[in-house]
Every structure is written in structure tokens, then in C-alpha cells.
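Numbering of ligands and ligand atoms starts at 1, following listing order. All values below were derived from every heavy atom in this structure, side-chain atoms included, with hydrogens, water molecules and symmetry-related copies excluded.
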Amino acid sequence: MTTLPADKAPSVLSARAKYEDALQRMREASRAYYGDGDSPLDDATYDRLRLAVLAWEAEHPDDVAEDSPTGQVGDGAAPIGDVAHTTRLLSLDNVFNADELVTWGASLQRRLGHAPVGGFTVEPKMDGAAIAARYRAGRLVQIITRGDGSHGEDVSHVIGQIDGLPSQLPVSATVEVRGEVLFTQEQFEAANEIRTNHGAQVFANPRNGVAGTLRAKDRRPYQLRMTFWAYGAVDLDAEPFLPAGATHADVLAAVAVAGVQTTADTPAGLDVVSGLAEAQQKVDEIATLRASLPFGIDGVVIKANDAAEQALAGFGSRFPHWAIAFKLPAVERQTVLEDVVWDVGRTGVLAPTAVLAPVEIDGSTVTRATLHNPADIRRRDLHLLDTVTVYKAGDIIPRVQAPIVQLRPDGAREVPLPEACPNCGGEIDKRQERWRCAKGTACALPALIEYAAGREMLDIDGLGKTYVKALVESGDVADVADLFTLSPDQLTSASGSAKRAAKLAEQIEAAKSRPLNRIFCALGVLGTGRSMSRRIARHFGSMEAIRQADAAAMQAVEGIGAEKAPIIAEQVATLAPVIDKLIAAGVNMTEPQEEPEADGQGPLSGKTVVVTGKMTGPLDGRGRAEMNALIEKAGGRSGGSVSAKTSILVAVPSASGKPSSKAVKAQELGVEVLSPEAFAELVADYLA
Ligand code: IVH
């Protein structure tokens, strides 16, 4: 169960010395992982190293180091502690793709002597720390970490700090529940705020934070809230809690009835399915949900549901044979913070962006990530050249989490903060945490107006850089809506001729009837480019409906997750005066339903299409935005990277014979690859 896709294959360890070096790196990383510190390797890099070690060990069975971490629970690095576990607390073996899941299914079937008849459960794999929580007569008396699986540390000092793990149950149950404790995203942010207020470092990520919090006995003057979800339970003190022969789903239901939160209570839930094909579908569903979950998951766990079949399949030294973790791509990696650049947003706010050494996260190469504001940069103690943790999932804009202070090189220096507005060179208003150009909206306005007037938006031919600058400088245009109420005199003085002014006036008049998606896009709402604006306009149909949408309603739009939704809703509300002015000027506020194919129609209906490279043949010269528009017009959805959900990859066959990385991935996943010519034929009706 340990093969990775070709591009992720482990590096080969050629010599014994390299093997030992790899063992040492594994030990250091997992010691830090389970300890209070930050791991010098991110999960994806650690997994690769581990697979390389396993491969070497498989080839050199007689030379395997006796104390190799690969043979021990928690890779032998978890602090062990002295509390004996009721029964061993095991880890899970991993698979990384659908084929490996099928292979695992076959090995389970071999062990059982028949296909499992009790079905499988599918539940999220929470990315936290495993604990065993002992309840006696309904009272939570002890919490123990996993340790080496047979002994763990007593961390009962966190009793009362964990949501979902009540100190007192409503029933007098005696039972040991097992599950994962973690920081939800909200708790993680609260914890970091509390820590920085106490002069402590921010946690590099929620999992490190939990490990540190569990271990920090009596050392901290504050309490951090965490959350627990049970994924199992065992009888304690020989007092029967679980009904004999209970399935895994029954066990979790009994735990829930007793008042403890379980994986079934997460938004991803627990599903019982009859076979692995269905399990794979659930895995894909949970993977899609991942970005919108309020906590981190690093995979999906599939378990044989039936107790008798679990018993028959049995256990290996580290893993049960009846359960498997389907690992999802890492959403957090480490990379180097090379620079921080500053932009001035629509409202004059100075927005810092981290420039990163390229790193592959969740299927795309990340080179930039958001930072919040100067105060936050200082709170996080970020230095240029720091190795930092970067988080990205699904549509979420990548963000820099924290520096790994232990890896700070000599030449690192605090991130410099701007002394003058990076856009106009003027003064900065530093009264609030979010710095603004003292000129406010006027500073970035020319860029926004030019963007709004562009060909793909309001398409006001002739309204170029020079006229926009003149209109903004004269004060005639203070927002997009002002474009629609310009008088002939104002246009004449900006363009320098009555003739040009008349032409511009005509263009502006025509722009009033552009479809809502273009008008909405012209507002410049953060995170809503052409494709997203089209989806929003198509979903809501009218500006009125968009304005009434709260964050929850926004999330119903394809591609808007929990993170983006409130930001978009808030920005739309802030733009109320501009929208009102547009309405008053007679600008169209509805989306024509016939422009793109209605749902369920068109040759690309229900399909996600990814485009890569330059287009040729009938599509020659079409840029990415035009291709995306074409895809959506033909009823499909455009995607940025190739995944199991991609239906078609449009790519020019490589002349050199070396296919692009997207084409390789498409081939691996069995995604249909079409040349631009073949794709043009498919969407011929929409090419006009
Ligand atoms: S089942 C004998 N279910 O993942 C069964 N584990 O990488 C053992 N984990 O040690 C575990 N979510 O700490 C199980 N729904 C889930 C889980 C889960 C997270 C953790 C657990 C385990 C680790 C293995």
C-alpha cells in the first residue's frame, strides 16, 4: 500500500549510509512532530522520505536497522509516557489513489476468504492527535496520548478544555473513547491570538499546536480550547458498554448517545457503503468538502463495518488489516519566504503578498500567498528567507501560517514594512492595523476603472489609460458608477475632443446593457474574476438577489468555500452606494439566462475542463479567460488543475514527445485529453 504516483515517487536510497541518514532525518522530524517543536519536514516530504526508507528496507530485508522508525507506532518518536493502554492504540496504513484502495480491498478479501459482507464505513481522517479518554460512571477521569501504542502520556490536565468531550456525561457510562483532538480553524486562530498576547510564538499549524498544548502541563497561564471527535471505543474495567457484535457504525452511535461527539457528527459525516467503488465515491465527496470543513483533515478512513469481519481480518504490528487511510494531497507545505510585495487595493488598503519559492500544494504550484497586515506580520515574527508553513486547500487563497524559527538562516531579516504608499508614493495612514494609502480609494482608482472598462468587462472602447487618469484626477470619476453619468463636457475635457467624447458617450451607453456577470465583475470584488463573476451572476440571476445573499447563500455558488463566502458578501454590502448609483444610471442588473447554456445542457454539461498551454487551430489566440468563457457557454465548468474530477484536459500534443505535467497527471487519472482542434469540434456551436 505504499506506491505513489510517478511524479511523487520516493527518491531512491542508493547506499547504506544514505539509508541511515534518512532514518536520522525521520527520527528528528517525528520527534519534533510529536514534541512541542515544529517539524523540519512537512508531511508530504516526510511521507516521501518514509516511502524511500520502506523501499530500501524491502530490498535489503537483512540490513534493516533494528530500531528503524518504520517498525514502530508513531514512527517510534511519540513521547511514550507510563500509562498502559487498555488495548493497543494503533495507527493506519495508507493508500494514495483509487487503484491502491482496490488493492487493499483485494488483500482484505484474501484475509477474510470472501468479499466483506458487512460493508464499509467511510469517515474523515482528522488531522490532530490521537487520545484515549476514560469515562468512569459518566465522569471523564483520564486522557492519555497514543505514545507508542501500548503506553501513552497522561494529559488529563486538558480535561474541560475540549469541545465534544464533556467532563460529565448525561449517562453513567464506563467506557474508553478513542479519537482525535484538534484545533478547529477558529480555535486555532483564537489560540494564536491568545499566545501572541502572552508574547509566545504562533503555532506553525493546528496539529503542532495541539501536540504542544497536550504536552504543556501546568506551564501556561492560559487555556486553549480544542475539539474532539471519537472514531472508536473500547470497554473499560470489564464493564460492558458496547453491545456484543456491534458494527463500527453502532459503536460510534452508542458513543454519541452517551454524549461524546463522533466523526459521524462532523460535516463530512460517517457513511455505510456496501462496496469499495461506493467508498471511493464518498472519498471523492469528502475531498470536495475538505476546503469548506471548519477543521483540517488529511485523508478519509475506510473501515470494514462488521465486528466479526474485523476480528477475522485482524491486526498487523502497527495497523489493523480491516481499516485503511486514503490520504488526500497535502494542503500544507514548507517553503522559503523570498520576498513580500505590497499592493494597494480598491479601497486604498495596503495588501502584503508573500513571494515564495515554488512549492506544489494540493495539485497546484504555489508561488504567492496572502499575508494580512503589518501588525500580523510582526506578530508572526516573519523574516525574509524564513522557511514558512503555507496552507492551501481547494479554492482557498494560499496563506502563510508561520515561520519555522529553528530553520532561520543567518542572513534572514525582519520583513520590511513600506514607508510610503507602494502605488502613489504618498503618505500612509497607519492608524489601524490595516494600513491604507492616505488618499484612500483615490489611490488605486485608475487601475480599477481601467480594469472595469476593459474588453472582457464593460467593453468601453476608447476609454484607455490616459482618459481614465484624466477623469480620476479631475474628480469626475470616483467609482465605476460615475462612468455612466459623465456629461458631454466632462468627457470632452478628459478626451480633448468633442468628437472623441461623443464616441465615448455612445460606448458608455452600450455598456449599460452588458450582462450582469460583466457589471458585477467590474465592481472589482476581491476573489471574483471573470469565471467566478459568471457563476455568481448565473446562480443569483439579479443584482438584487446577490445583494440579499448572506455568507451561507454565497456558499451555494460552485467554487465559493467557507473562507471566501463571507468576504464576498461583506464586500458586496460595502459597495451598496456604488451599486445604487449604477441602478439609478439605468445599468442592467440581470443576467440573461440564454447566454450560457442552462444547467444540464450543452456538450460540456456536468463536465470540468482544464486547459493547458497555447491554443492552436480554430482556437488559436484564445487566452485562458476566453477559453473559460467558451467552456461555460457550452455548459461546462473550467478548472485550474487536473484532478480526479477533471473530465477533459485540452492540451496541444507535445512536439518533443515529453508531455506536460498536466498531461501526465491526466493520463494517470484516466482523464480524456483532447487537442485544441478536437475540442473545437466538440464545442463548434459555441465558437462564434
Ligand atoms: S481509526 C484501529 N479513524 O489517524 C483504528 N483514525 O494515521 C485506528 N485518525 O492513529 C484509527 N481520524 O490518530 C481512525 N476517523 C479516523 C481517524 C483516525 C484520524 C488518526 C488516528 C490514527 C492516525 C493514523
Problem set entry | By ring pair (Phe, Tyr, Trp, His ring centres under 6.0 Å) - contacts of H198 (at least two apart) | Y222
For this session: Please examine the side chains of Q168 and P166, heavy atoms only from C-beta on, and report whether any two atoms are closer than 4.5 Å.
Result: no
Result block: side-chain N/O donor-acceptor pairs under 3.5 angstrom for residues 113-122, not counting sequence neighbours:
from	atom 1	to	atom 2	distance (Å)
T121	OG1	K303	O	3.4

Problem set entry | Criterion side chain to side chain contact (heavy atoms under 4.5 Å, CB included) against V210, the qualifying member of T213, L214, N208 | L214
Exercise. Is the closest basic N to carboxylate O distance between R178 and E176 below 4.0 Å?
Worked result: yes
Exercise. How would you list, by chain and number, every residue that makes a side-chain hydrogen bond (donor to acceptor under 3.5 Å, both in side chains) with Q109, sequence neighbours excluded?
Worked result: none
Under a 3.5 Å threshold, I'd like every N/O contact between ligand 1 and protein atoms, with atom names and distance.
from	atom 1	to	atom 2	distance (Å)
ligand 1	3 (N)	K303	NZ	3.0
ligand 1	4 (O)	K125	NZ	3.1
ligand 1	7 (O)	K125	NZ	2.9
ligand 1	10 (O)	R146	NH1	2.7
ligand 1	12 (N)	M126	N	3.1
ligand 1	13 (O)	E180	OE1	2.6
ligand 1	13 (O)	Y231	OH	3.1
ligand 1	15 (N)	E123	OE1	3.1
ligand 1	15 (N)	P124	O	3.0

